[in-house]
Amino acid sequence: MWTQLFSILSVIVALLIVLKKYSSESKDYIYIGIASLTIWLIGDIIHSVNVPFQKVVQLFLQSFSLSFVLVIFLKFIRQRKPIIFRYPNYMVYLPLLIPITQLIVADTQIIGEIIFMSLQAICLIVYVLLSIGYSAEIENKILTIVGILLLTGGFTFYWILQEYYIVFEWAWGLTNASGVLASVYSFSDLIKSNENI
């Protein structure tokens, strides 16, 4: 209950951050960010109400949302490369094929959750590497570090410590929600730096 509330509120605030903080010149990032956050929000709402195949649908939607996050990272990386070394633009959308694998294995919950966990880990690792690689261009370094620590804590609480009942459910919900807000806000610095290239 509390984790869903934290998640829904953080997604709504993150949508407002994307609309206000992200520059109007970077419309691709805004549209993809809005799509990612809206899909995640729909997944949270589906989890809160009683619908058939609730767990499978939520897992698929949230994997789809994380795939959009990977698309944002790939677009950022592509824009940073010299023009001669840039991969074709359609290749940044390849992560959107990942959730389809979850539909193929929809009857096997463990494999679906492994795919979802892998997507979360990849998004977190790429975000950490981008933050380290372009740290000189980040204005809110403290906020970026806090966001990374909170997201890493939320990931650890949910996937590793939850089985041992060390952490209450609301704890990883709160860390994830706060980490998402801090990361969405601080990533806007990197997007702004891309516009100057």
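Starting from 1, each residue takes its place in the sequence as its number.
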Q: Apply the test ring-ring contact (aromatic ring centres under 6.0 Å, His included) to residues Tyr22 and Phe187: give CA-CA distance (whole Å), side-chain angles for both, the deciding distance (0.1 Å), then the verdict.
A: CA-CA 9 Å; Tyr22 286 30; Phe187 191 71; 7.0 Å; no
Q | Evaluation steps, side chain to side chain contact (heavy atoms under 4.5 Å, CB included), between Ile8 and Ser48 | A | CA-CA 10 Å; Ile8 288 170; Ser48 300; 4.1 Å; yes
**Q.** Worked check of side chain to side chain contact (heavy atoms under 4.5 Å, CB included) between Tyr127 and Ser186
**A.** CA-CA 11 Å; Tyr127 179 63; Ser186 64; 2.8 Å; yes
Q.
Determine whether Thr38 and Val11 satisfy the following criterion, side chain to side chain contact (heavy atoms under 4.5 Å, CB included), listing intermediate values before the conclusion.
A. CA-CA 8 Å; Thr38 304; Val11 169; over 6 Å; no
Q) After noting the C-alpha distance and the side-chain angles of Ile34 and Leu19, does the key distance pass the side chain to side chain contact (heavy atoms under 4.5 Å, CB included) rule? A) CA-CA 8 Å; Ile34 288 172; Leu19 290 171; 3.4 Å; yes
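Residues Lys75 and Val92 come closest through the heavy atom pair CG-CG2, 3.8 Å. Among all heavy-atom pairs drawn from Cys123 and Val69, the shortest one is SG-CG1, 4.0 Å.
Under the 4.5 Å side-chain contact rule for hydrophobic residues, Val71 and Met91 share a cluster. Criterion: ILVMFWY side-chain heavy atoms under 4.5 Å apart, direct or through other members. Under it, Phe157 and Leu149 are not part of a common hydrophobic cluster. Note on Val105: it does not cluster hydrophobically with Ile114, by side-chain heavy-atom contacts below 4.5 Å among ILVMFWY residues. Under the 4.5 Å side-chain heavy-atom criterion for grouping Ile, Leu, Val, Met, Phe, Trp and Tyr, Ile138 is not connected to Leu129 through any hydrophobic cluster. Val49 and Leu59 fall within the same hydrophobic cluster, where Ile, Leu, Val, Met, Phe, Trp and Tyr residues are linked whenever their side-chain heavy atoms come under 4.5 Å apart, directly or through other members.
In this structure, the side chain of Lys81 does not engage the main chain of Tyr87 through any donor-acceptor pair within 3.5 Å. Here the side chain of Ser65 pairs no donor or acceptor atom with the backbone of Ile39 at under 3.5 angstrom. Remark: the backbone N or O of Glu139 is paired with a side-chain donor or acceptor of Asp189 at under 3.5 angstrom. Listed for the Ser183 side chain is a donor-acceptor partner under 3.5 Å among the backbone atoms of Gly179. Judged purely by atom type and a 3.5 angstrom limit, Arg86 uses its side chain to pair as donor or acceptor with the backbone of Gln79.
Taken to the nearest 0.5 Å, the OG atom of Ser67 stands 5.0 Å off from the CG atom of Leu119. Within the model, atoms CG of Leu15 and NZ of Lys20 stand 12.5 Å from one another, a figure rounded to the nearest 0.5 Å. Considering CD of Gln58 and CD1 of Ile42, their distance stands at 12.5 Å, rounded to 0.5 Å. The structure places CG of Asn176 at 9.0 Å from CG of Leu150, a figure rounded to the nearest 0.5 Å. Here CD1 of Ile191 is found 8.0 Å from CD1 of Ile30. Values are rounded to the nearest 0.5 Å. Rounding to the nearest 0.5 Å gives a distance of 10.0 Å between CG of Leu181 and CG of Leu16.
Val128 pairs in a side chain to side chain contact (heavy atoms under 4.5 Å, CB included) with only one of the listed residues (Ile148, Leu151, Thr144), which is Ile148.
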Check residues 96-104 and write down every donor-acceptor pair under 3.5 Å in which the side-chain atom is one partner and the other belongs to a residue at least two apart or another chain.
unit_1 : atom_1 : unit_2 : atom_2 : d
Thr101 : OG1    : Ile98  : O      : 2.4
Gln102 : OE1    : Ser63  : OG     : 2.7
Gln102 : NE2    : Ser63  : OG     : 3.1
Gln102 : NE2    : Gly112 : O      : 2.8

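For the 3.5 Å distance criterion, the side chains of Asp44 and Ser7 qualify, holding a donor opposite an acceptor. Inspection of the Trp159 and Gln120 side chains reveals an N or O donor paired with an N or O acceptor under 3.5 Å.
Between Phe64 and Phe68, the ring-plane angle classifies as perpendicular under the 30° and 60° cut-offs.
Looking only at side-chain heavy atoms (C-beta outward), Phe155 and Thr175 stay at 4.5 Å or farther from each other. For the pair Leu74/Tyr93, no side-chain contact is recorded, criterion being any heavy-atom separation below 4.5 Å from C-beta on. Side-chain contact between Arg80 and Tyr134 is present, with at least one heavy-atom pair separated by less than 4.5 Å.
In this structure, Arg78 is not positioned above the aromatic face of Phe85 in the sense of NZ or CZ being under 6.0 Å from the six-membered ring centre and within 45° of the axis. Seen from the ring of Tyr185, Lys21 counts as a face-on cation partner, given the 6.0 Å and 45° thresholds.
Separation of the Phe76 and Tyr29 ring centroids does not fall under the 6.0 Å cut-off.
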